[in-house]
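Right, one structure below, let's go through it.
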Amino acid sequence: ENRFTLEFVHQITKALDHVEALLADLPEAEQARGGALITTSTGKFYSNGLAIEAAMEQGEKFYKPYLAMLAQLLTFPLPTVAAINGHAFAGGCMFALAHDYRVMRADRGWMAMNEVDIGIPLSPGMAAIVKCKINAPNVLRECALAGHRFKSSDAVAAGFVDRAVAEDQLMSTAVEYAKAYAPKGRNGGKVLRLIKQEVYRET
């Protein structure tokens, strides 16, 4: 279910660091072309959120690296695309929202912030991610306060998913977004990162 454990968070952070290191080592001619990052999964879940019992037991030992991972993704030096192949609940929804663009499978899967239903409060960092990407007050209310499960068409209508497509078009559509926005990450993404850091400063 791709639930976030401390080990999973560390592995994703390690992967993001690896991409950034590769980007920095590219020859200038290749850096000038830019690039993009796509995340996805297989099966029923994009991510079913946090491994709740472990996260609550570990407390800050878990939440600090998890929020740092979201912040790194939010300000990543390349355009980022989430290819949401299935359910994205709670912490998995926040992970998807931390991307620049979101493409979702049309025939299966929900996005939801269901903490209100499972009795887990949102930390300031978690709430900030949701508020910066879902800025219509009525949609934010339904998402955070009601735990509404958004199917893909509802998420597109609400403005926090860019496209809903058939399963067999999910990755090709994500690649289309990646190719279209890849030039924005040129020159190692230095300018793009600075812009993201400024745009999301409060978050």
Rounded to the nearest 0.5 Å, how far apart are [atom1] of [X] and [atom2] of [Y]?
X	Y	atom1	atom2	value
N2	Y46	CG	OH	9.0 Å
T75	I195	OG1	CD1	13.0 Å
T173	M171	OG1	CE	9.5 Å
T80	L16	OG1	CG	9.5 Å
M111	I84	CE	CD1	4.5 Å
F4	Q11	CZ	CD	12.5 Å

Closest non-hydrogen atom pair between [X] and [Y], with its separation:
X	Y	answer
P79	D100	CA-OD2, 3.3 Å
A164	V156	N-CG2, 3.9 Å
C143	V130	SG-CG1, 4.3 Å
L97	K133	O-NZ, 2.7 Å
A83	A174	CB-CB, 3.9 Å
Q31	A24	NE2-O, 3.3 Å

(request) Show your working on side-chain contact (heavy atoms from CB on, under 4.5 Å) between Q72 and D17 and close with a plain yes or no. (result) CA-CA 9 Å; Q72 182 179 8; D17 289 343; 2.8 Å; yes
(request) Output, in order, the C-alpha distance, side-chain angles, deciding distance and verdict of side-chain contact (heavy atoms from CB on, under 4.5 Å) for M113 and L122. (result) CA-CA 10 Å; M113 292 292 296; L122 292 178; 3.8 Å; yes
Do [X] and [Y] share a hydrophobic cluster (ILVMFWY, side-chain heavy atoms under 4.5 Å, transitive)?
X	Y	value
W110	I134	no
L192	L73	no
L170	M104	no
L23	M69	yes
L37	V191	yes

Please confirm whether the backbone N or O of [Y] pairs with a side-chain atom of [X], one donor and one acceptor, at under 3.5 Å?
X	Y	result
D162	R102	yes
E115	A144	no
N85	G43	yes
K196	L78	yes
T39	A82	no
R3	L50	yes
T5	A51	no
Y63	S123	no
K44	G86	no
R186	P183	yes

Are any of the side-chain heavy atoms of [X] and [Y] separated by less than 4.5 Å?
X	Y	result
L145	V116	no
F62	E57	no
V19	F76	yes
T13	P65	no
E20	R193	yes

(request) Give the ring-plane orientation class for F95 versus H99, where under 30° counts as parallel, over 60° as perpendicular and anything between as tilted. (result) perpendicular
(request) Given side-chain contact (heavy atoms from CB on, under 4.5 Å), test I38 with Y177 step by step and report yes or no. (result) CA-CA 9 Å; I38 299 172; Y177 274 85; over 6 Å; no
(message) Looking only at the aromatic ring of each residue, does the gap between the centers of H148 and F150 stay below 6.0 angstrom?
(response)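 Distance test on ring centres: under 6.0 Å, yes.
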(request) Show your working on side-chain contact (heavy atoms from CB on, under 4.5 Å) between R141 and N138 and close with a plain yes or no. (result) CA-CA 5 Å; R141 178 193 64 203; N138 60 322; 4.1 Å; yes
(request) Tell me, yes or no, whether the heavy-atom count around E7 atom CD, taken from other residues, nucleotides or ligands under 6.0 Å, exceeds 12. (result) no
